[in-house]
2 protein chains.
Amino acid sequence: MYLLANFDEADSTRATLMRSGLELLAEKGYKGATTREIAARAGVSEVTLFRQFGSKEALLQEAVQKLHPPVEQVLPQSTRNLEADLLRLTKHYVQMLEANQGLLVRLLPELARHPELRGAAGPAGFNRAISSVLEYLTDLQKAGLLRSDESPFQAAVALLGPLFARALLFGAMGIHPPFDLQAHVRGFLEGRQRGQR
Amino acid sequence: MYLLANFDEADSTRATLMRSGLELLAEKGYKGATTREIAARAGVSEVTLFRQFGSKEALLQEAVQKLHPPVEQVLPQSTRNLEADLLRLTKHYVQMLEANQGLLVRLLPELARHPELRGAAGPAGFNRAISSVLEYLTDLQKAGLLRSDESPFQAAVALLGPLFARALLFGAMGIHPPFDLQAHVRGFLEGRQRGQR
DNA sequence: CATGGATGTAAGTATGTACTTACTTGCAAA
DNA sequence: TTTGCAAGTAAGTACATACTTACATCCATG
């Protein structure tokens with residue numbers, strides 16, 4: 001299974017607790033994730049949880065802040081084969097979204113009330129993903145491969161936004177209408193690409 | 001203020017309670033919205049809440065099911081001026097999203113666990129919006145104004161998805177980078193439009 | 001062997017929450 | 001005026017939750 005969170009300390013008590021905490025956060029939300037259940041799922045006693053983290057809030061806060069999305073690993077160096085590049089990138093992004101849909105959808109409302117969670121991994125990788133894509137698109141514009149009358153930010157939203165919406169919304173609705181990723185990338189490139197037509 | 005929910009019974013005790021319930025649901029989530037606070041905000045006693053609805057769950061369920069998004073009101077009859085049509089439609093959609101961002105983002109995770117909320121107003125208007133847009137786009141395809149090698153569904157996601165993502169994500173992050181709606185619509189039409197080039 | 005640190009068990013505290021019961025008050029229609 | 005309905009007040013119940021305290025156990029390191 002492909003997970004967003006992989007802590008350095010692989011299977012220490014703390015890491016196990018944080019993983020369980022994130023799982024339950026994804027399933028039942030902040031209030032729904034009880035210390036009892038987190039400890040039980042981690043296979044430790046509830047006292048251990050409090051000895052290690054002091055409070056439920058501290059546990060979840062640390063866990064969320066240690067999320068690190070592996071998006072940049074697949075960010076293509078502008079190979080100038082735009083369609084292939086973007087297809088690989090978006091595929092990876094969709095995988096990430098689907099694997100973490102529950103966590104994302106639970107984190108979103110908490111971010112509004114707990115701004116301290118926004119840093120680092122922030123919105124579960126989206127900002128990092130988007131800023132990587134931003135760089136990539138800016139590079140392309142500079143290289144003259146993409147038209148530059150559109151802000152890279154707007155282009156990134158046009159590329160990733162539909163994938164984000166599809167994953168969250170249809171994930172929540174429990175439906176999965178077909179979506180042609182390749183066609184999406186082509187549609188994105190159409191009109192934006194230069195020197196290739 | 002532009003609200004998603006407008007109940008028929010304008011200011012009965014029940015309607016006031018449901019409105020307060022939705023407000024608190026948006027602010028604090030299902031568990032965070034306590035019957036005490038809902039009643040207080042509605043200006044009635046807590047007992048009244050239970051006499052009227054029997055349970056917190058019944059209150060919120062009824063309230064959510066009575067949400068009705070006024071999207072179709074602005075759905076354009078294919079006037080053949082695509083850019084103007086879509087601009088009006090997307091503007092309206094963005095307004096709706098911004099006004100209801102809190103509710104939406106709280107409703108999304110509940111929908112996964114409480115499928116009974118999916119019906120009717122469901123995902124706070126998105127499915128209704130998308131199905132209206134679907135009809136509109138299908139019409140355009142039939143009229144030969146839009147290329148038809150792409151499914152209308154996919155086109156609808158490409159059009160509305162970025163707006164959805166932008167509203168939810170950046171709303172949650174508390175940032176508001178500029179976004180040119182007109183450019184977005186143009187980008188959408190580019191390559192999709194026919195007979196106009 | 002002895003010490004220390006991380007864990008477990010058992011019990012308890014304080015608080016909050018959904019929901020109930022019993023009795024009272026105001027008000028509008030018969 | 002009387003009846004009845006919707007609302008309020010006050011108190012309480014049952015349960016869950018975050019968190020604590022006290023004491024026992026394991027186990028690796030010195």
Side-chain angles (χ1 to χ4, degrees), chain A residues 7-66 102-103 106-107 109-110 113-114 116-117, chain B residues 7-66 102-103 106-107 109-110 113-114 116-117:
Chain A
F7 304 104
D8 298 340
E9 0 158 27
D11 32 47
S12 68
T13 304
R14 289 177 70 86
T16 313
L17 276 167
M18 287 192 274
R19 251 189 293 272
S20 307
L22 286 180
E23 278 178 34
L24 280 159
L25 181 64
E27 289 171 28
K28 311 193 173 179
Y30 182 84
K31 295 221 169 190
T34 69
T35 54
R36 227 195 314 276
E37 209 172 349
I38 293 174
R41 184 168 302 199
V44 303
S45 75
E46 204 180 348
V47 245
T48 297
L49 186 158
F50 285 102
R51 276 197 277 247
Q52 288 287 349
F53 294 94
S55 74
K56 165 180 167 177
E57 197 185 340
L59 201 195
L60 292 179
Q61 196 157 325
E62 186 175 338
V64 168
Q65 272 159 356
K66 284 203 175 158
L103 190 58
R106 290 290 186 179
L107 232 36
E110 306 301 335
R113 295 179 71 82
H114 302 284
E116 69 274 15
L117 296 179
Chain B
F7 304 104
D8 297 340
E9 2 159 26
D11 33 46
S12 66
T13 303
R14 288 178 71 86
T16 312
L17 276 167
M18 286 193 274
R19 250 189 293 271
S20 308
L22 286 180
E23 278 178 33
L24 281 160
L25 181 64
E27 289 170 28
K28 312 193 174 178
Y30 182 85
K31 294 219 170 188
T34 69
T35 54
R36 215 178 345 258
E37 209 171 348
I38 294 174
R41 184 169 299 201
V44 303
S45 75
E46 205 180 347
V47 245
T48 297
L49 186 159
F50 285 102
R51 275 197 277 247
Q52 288 287 347
F53 294 93
S55 75
K56 166 180 167 177
E57 197 184 339
L59 200 194
L60 292 179
Q61 196 157 326
E62 185 173 337
V64 168
Q65 274 159 355
K66 284 204 173 158
L103 190 57
R106 290 291 186 177
L107 231 36
E110 307 301 335
R113 294 179 72 82
H114 302 285
E116 68 275 14
L117 296 179

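Below, chain A is the first sequence line, B the second, and so on; all start at residue 1.
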Sugar-phosphate only, base, or nothing, as touched by Ala33(A) at under 4.0 Å among non-hydrogen atoms: sugar-phosphate
Side-chain N or O of Thr35(A) closer than 4.0 Å to phosphate OP1/OP2 of dA18(D): yes
Atom pair distance, as rounded to whole Å: CD1 in Ile38(A) and P in dT17(D): 11 Å
5'-most by nearest nucleotide on DNA chain C - Gly43(A) or Thr34(B): Gly43(A)
Between CG on residue Leu103(A) and CD on residue Glu27(A), distance to nearest 0.5 Å: 10.5 Å
Glu46(B) CD - dT17(C) P separation (whole Å): 9 Å
Quiz item: Arg51(A) side-chain donor-acceptor pair to dG5(C) base, under 3.5 Å: no
Option passing side-chain contact (heavy atoms from CB on, under 4.5 Å) with Leu17(B) (candidates Thr35(B), Ile38(B), Leu22(B)): Ile38(B)
Nearest-Å distance for atom pair CG/P, residues Leu60(A) and dA18(D): 10 Å
Under-4.0 Å side-chain N/O to phosphate OP1/OP2 contact, Arg36(B) with dT17(C): yes
Nucleotide dT7(C), atom P - distance to CZ of Phe53(A) in whole Å: 10 Å
dA7(D) OP1/OP2 closer than 4.0 Å to side-chain N/O of Thr13(B): yes
Value rounded to 0.5 Å, distance of CD in Glu110(A) from CD in Gln61(A): 11.5 Å
Distance, rounded to the nearest Å, where Glu37(B) contributes CD and dT17(C) contributes P: 8 Å
Separation of Leu49(B) CG from Thr13(B) OG1 (nearest 0.5 Å): 11.0 Å
Atom-to-atom span, CD of Gln52(A) to P of dA6(C) - whole angstrom: 8 Å
Six-ring centre of Tyr30(B), Lys56(B) cation under 6.0 angstrom, axis tolerance 45°: yes
Distance in angstrom units between Phe50(A) CZ and dT13(C) P, rounded: 17 Å
Between dA6(D) (P) and Arg14(B) (CZ): distance, integer Å: 11 Å
5'-most by nearest nucleotide on DNA chain C - Lys56(B) or Val47(A): Val47(A)
Sugar-phosphate, base or nothing in reach of Ala58(B), heavy atoms under 4.0 Å: nothing
Thr48(B) side chain near dA7(D) phosphate (N/O to OP1/OP2, under 4.0 Å): no
